[in-house]
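Each remark here refers to the structure printed beneath this line.
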Amino acid sequence: MGAVVALRESGDGYIAAARGRRRRFARRIGDGAAVFAAAPEKEKSRGVFYPYRFDGYLYYLSAFAEPESALVLVAEKGKLRREILFCRGRDASREQWDGERFGPLRARREFGIREAEEISELPKAIKQIAREHKTVWHIPRGGESAAEKQLHSTMAQRSARGGGYAIAELRDASAVLDEMRAVKDKSEIFRMREAARLTCAGHLAAMRARPMTREWHIEAELIAEFKRGGGDCAFLPIVAAGENACTLHYAENNSPVRRGQLVVIDAGCEWRGYAADVSRTFPVSGVFSPAQRAVYEVVLAAQKRAIAAIKPGARMSAMENAALRALCEGLRKLGLCSGTVADIIARKSYRCFYPHRAGHFLGLDVHDVGAEKLPGENKARRLRAGMVVTAEPGLYIPGDSDIPKELRRIGIRIEDDVLVTARGREVLTDAAPKSAAAVEKWMRG
Ligand SMILES: [Mn+2]
């Protein structure tokens, strides 16, 4: 993401929201300094780089998306005393190659951060922090950034010299920030709605891809819709025809597509840093066979029950259990599992048909932070208004000879993105057809 894109991002309240987040973070840590480093650029092949993806924590607190940047915060008695953005300096010859940079002067103005300096000044700033602060917060990442290497070497120097530097403790800031990130504010929900809207547009176009004789024809329609709206893929889309759907993370997207098969699409648009994540399953011919439809109705019923279990105060595990019970009832009706639903769950005989979980948090990351159990709690966390979770049960039937022939190798997943509201929930992605009848109707054109 270059400077021009970052500039266009102002105007939706995100920059002001980021300022509020910095103050809240200071309130939560009380006293100490914090260093947030940018994600590294990743080389794809000699001299060619993957599209740059910022670090979620740094972006959440700054709205700044350039590589080679960092944010230093200093809190005193719960007040934000200093905030310094470090970024690349202006450099006409580099900018001729890589595009415009903000540079410290303009970055400070555009992003409303009190101080800004060139990234080359960061080592000095870290030295100063080490002299003045006992506790330094950071995001531990196995020491991949220069800033992090310096924090660790400063700690080591301290132990070698016996306290010449003051950092006594490096603390993990993700424990604090994940709690904040789990509940989305207005500017984040605005972005997630747009990501959801473009994702649904992609699914609608993909179901009508012409020609539709290779999986990549379908994938192309998804990507075109994301790009048309100024977004991009939040992750490699899964477009899986026939038994490819039974490979959960299939993303080759290069197989032939045949009439009579189902196609599972699991794809999401990322818009201004925020992700959507939607799965739909449709028949290539435009009409479900009776066997395909029978399995589809089971997954759909499970997905609806999962969504109904999403509400403030409910635990994530309630949603998981609702989906699982419905899937097991369906597996029994389809003749794929025997015994009572309780037996099927206790024996885990559903596992070969449903090996994944029913949902995850969604936000800056597709598998977003915040879903983890709270420290000291052994139960799944409770949902709160402003959280966004996916509901995505699926069934994947193996080709074994003891399974009725017409059911073999059917793979189906249905996934929506759900915002927890004060009263219950809002499905952000219901513009993509979901009931079997709605899917067939859309495909008829
Ligand atoms: Mn998902």
Side-chain angles (χ1 to χ4, degrees), residues 53 56 178 181-182 184 188-189 191-203 206 218-219 222-223 225-226 231-240 244-251 253 262-271 273-282 299-300 302-307 309-310 316-324 326-327 353-372 380-381 383 387-396 411-420 425-432 434:
R53 180 49 158 71
D178 290 358
R181 282 178 56 179
K184 273 68 184 173
E188 294 180 289
I189 291 168
R191 292 181 175 198
M192 294 190 78
R193 281 188 197 285
E194 186 60 9
R197 190 182 73 77
L198 291 170
T199 300
C200 291
H203 276 271
I218 300 165
E219 185 184 16
L222 289 164
I223 297 172
E225 288 304 314
F226 299 170
D232 209 335
C233 294
F235 52 92
L236 284 180
I238 295 170
V239 178
N244 289 343
C246 297
T247 305
L248 295 176
H249 282 165
Y250 175 83
N253 302 348
L262 293 176
V263 173
V264 169
I265 298 178
D266 184 342
C269 175
E270 176 181 317
W271 194 76
Y274 283 78
D277 183 4
V278 173
S279 303
R280 289 292 186 266
T281 304
F282 64 90
V299 177
L300 183 61
Q303 205 249 3
K304 286 182 174 170
R305 285 222 230 148
I307 290 176
I310 297 171
M316 275 296 268
S317 50
M319 185 269 254
E320 294 284 347
N321 292 337
L324 180 59
L327 287 175
F353 305 106
Y354 172 56
H356 59 78
R357 297 178 67 86
H360 52 83
F361 279 33
L362 186 70
L364 278 169
D365 291 304
V366 176
H367 298 140
D368 206 31
V369 300
E372 296 75 16
R381 72 145 58 246
L383 296 171
M387 291 178 169
V388 181
V389 298
T390 67
E392 52 173 318
L395 285 179
Y396 316 89
I412 293 171
R413 180 162 62 256
I414 306 172
E415 175 178 26
D416 281 303
D417 303 342
V418 183
L419 169 67
V420 183
R425 74 207 64 79
E426 180 191 340
V427 178
L428 300 177
T429 48
D430 53 12
K434 191 162 77 170

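The basis for the numbers below is simple: all heavy atoms, side chains too, and nothing from hydrogens, waters or symmetry mates. One-based numbering, in listed order, for ligands and for the atoms of each.
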Take H356 and Y396 through the test ring-ring contact (aromatic ring centres under 6.0 Å, His included) and record every step on the way to the result.
CA-CA 10 Å; H356 59 78; Y396 316 89; 5.5 Å; yes
Taking K184 for the side chain and L362 for the main chain, is one N or O donor matched with an acceptor at less than 3.5 Å?
yes
Working note: H203 + E225, criterion side chain to side chain donor-acceptor pair (under 3.5 Å); need CA distance, chi angles, decisive distance, verdict.
CA-CA 9 Å; H203 276 271; E225 288 304 314; over 6 Å; no
Where the Mn ion (ligand 1) is the centre, what is the OE2-to-OE2 angle for E415 and E392, rounded to 10°?
80°
Any sub-3.5 Å donor-acceptor pair from R280's side-chain atoms to E415's backbone N or O?
yes
Of the N, O or S atoms in D277, the one nearest the Mn ion (ligand 1):
OD2
Minimum-distance atom from the Mn ion (ligand 1) among N, O or S atoms of H360
NE2
